[in-house]
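Below is one structure; the comments refer to it alone.
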Amino acid sequence: MGPDTHILDDAGEGAVTLVEFLDFECEACGAFYPIIEKLREEFAGEVTFAFRYFPLPGHLNSTTAALAVEAAARQGKLEEMFARMYETQSEWGESQESKANLFRQYAARLGLDLAKYDADVAAVETLERIEADFQDGVALGVQSTPSFFLNNQPVQLTSFDDLRAAIEAELQR
């Protein structure tokens, strides 16, 4: 887990760590979102949950969504914008036009400073942050989303339940 990895739940030093490489426009990531939320509740204090951006080139708004989430993170609203993206994915996902204005409306509803939000979305450093996550994922062999790493080891999934089983097995070690 790199220093730029976004932590959603920190279970402390030495805890089992689950990192998800995700794309906010990915329907499979959207399907995993409620499962991850349930696992976060179930394993609170035992497992550190984190994510890295992995916007897929075929999704027109995936990088735009990541920019919005990163801009919100810079104002302390990471989790709120993260949730908003998945909760509204069916409204904007697979669109062939930019949804940057819609994401800005989300920022306004979250009470973000819109001048700062706009500056952060446009900042080259914000895009570089997302691209660094993507390149780290490529280096780790990530080819699709969601891709999960449990204590830095890739998790092979054939069903939603495989993730819970992998976490439980790692906690037993």
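In this chain, residues are counted from 1 in sequence order.
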What verdict does the side chain to side chain contact (heavy atoms under 4.5 Å, CB included) test give for Asn152 and Leu140, after you've listed the backbone C-alpha separation in whole Å, the side-chain angles of each residue and the deciding distance to 0.1 Å? CA-CA 9 Å; Asn152 298 317; Leu140 289 168; over 6 Å; no
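- Arg74 places none of its side-chain heavy atoms less than 4.5 Å from the side chain of Tyr117.
- Two different hydrophobic clusters hold Ile130 and Leu60 under the rule that ILVMFWY side chains link at heavy-atom gaps under 4.5 Å.
- By the 4.5 Å heavy-atom criterion applied to side chains, Asn61 and Leu102 are not counted as neighbours.
- Counting heavy atoms from C-beta outward, Lys99 and Thr64 have side chains that stay 4.5 Å or more apart.
- Between Phe21 and Phe149, the ring planes lie perpendicular to each other; the angle is over 60°, past the 30° to 60° tilted range.
- Minimum heavy-atom separation, Leu157 to Leu163: CD2-N, 3.6 Å.
- Looking at Val47 and Leu39, their side chains never come closer than 4.5 Å, going by heavy atoms from C-beta outward.
- In this structure, Lys38 and Glu41 have side chains that are not in contact, with every pair of non-hydrogen atoms separated by 4.5 Å or more.
- Here the straight-line distance linking atom CG of Asp10 with atom OG1 of Thr48 works out to 4.5 Å at 0.5 Å rounding.
- The two residues Cys29 and Pro146 make their nearest non-hydrogen contact at SG-N, 3.5 Å.
- Rounding to the nearest 0.5 Å places OG of Ser147 at 8.5 Å from CD of Gln156.
- Using a 4.0 Å cut-off between a side-chain N of Lys or Arg and a carboxylate O of Asp or Glu, Glu42 and Arg164 qualify as a salt bridge.
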Side chain to side chain contact (heavy atoms under 4.5 Å, CB included) evaluation trace for Met85 with Val69: CA-CA 8 Å; Met85 289 300 169; Val69 171; 3.7 Å; yes
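- Smallest separation of non-hydrogen atoms from Phe54 and Phe134: CE1-O, 3.4 Å.
- Between the side chain of Glu25 and the backbone N or O of Glu94, at least one donor-acceptor pair lies under 3.5 Å.
- The closest side-chain heavy-atom distance from Glu20 to Arg52 is not below 4.5 Å.
- A 4.5 Å side-chain heavy-atom check between Phe43 and Asp9 finds every atom pair outside the cut-off.
- Residues passing the salt bridge (Lys or Arg N to Asp or Glu O under 4.0 Å) test with Glu131, sequence neighbours excluded: none.
- Considering all non-hydrogen atoms of both residues, Ile7 and Ala50 come closest at CD1-CB, 3.9 Å.
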Applying side chain to side chain contact (heavy atoms under 4.5 Å, CB included) to Leu150 and Thr17, what does each step give before you reach the verdict? CA-CA 6 Å; Leu150 193 58; Thr17 300; over 6 Å; no
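- Rounding to the nearest 0.5 Å gives a distance of 11.5 Å between CZ of Arg129 and CG of Leu67.
- Residues Gln89 and Gly30 share a closest heavy-atom pair of OE1-CA, 3.8 Å.
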Checking Glu80 against Arg84 for the salt bridge (charged side-chain N to carboxylate O under 4.0 Å, His left out) test, could you report, in this order, the C-alpha distance in whole Å, the side-chain angles of both residues, the deciding distance, and whether it holds? CA-CA 6 Å; Glu80 293 87 344; Arg84 181 72 47 97; over 6 Å; no
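- Under the rule for a side chain to side chain donor-acceptor pair (under 3.5 Å), the partners of Glu37 that lie at least two apart in sequence or sit in another chain are Arg40.
- The distance from atom CG of Asp113 to atom NZ of Lys77, rounded to the nearest 0.5 Å, is 12.5 Å.
- Taking a 6.0 Å sphere around CD of Glu27, one finds it holds 12 or fewer heavy atoms contributed by other residues, nucleotides or ligands.
- Taken from CD in Gln75 to CG in Asp120, the straight-line distance is 6.5 Å, to the nearest 0.5 Å.
- Rounding to the nearest 0.5 Å gives a distance of 13.5 Å between CZ of Phe24 and NE2 of His59.
- Asp23 places no side-chain N or O within donor-acceptor distance of the main-chain N or O of Pro55, the cut-off being under 3.5 Å.
- Scanning all heavy atoms of the two residues, the minimum distance from Glu79 to Leu8 falls at OE1-O, 3.9 Å.
- With a 4.5 Å cut-off on side-chain heavy atoms, Met81 and Leu110 count as touching.
- The residue from Phe148, Tyr86, Phe82 that alone fulfils the ring-ring contact (aromatic ring centres under 6.0 Å, His included) condition with Phe51 is Phe82.
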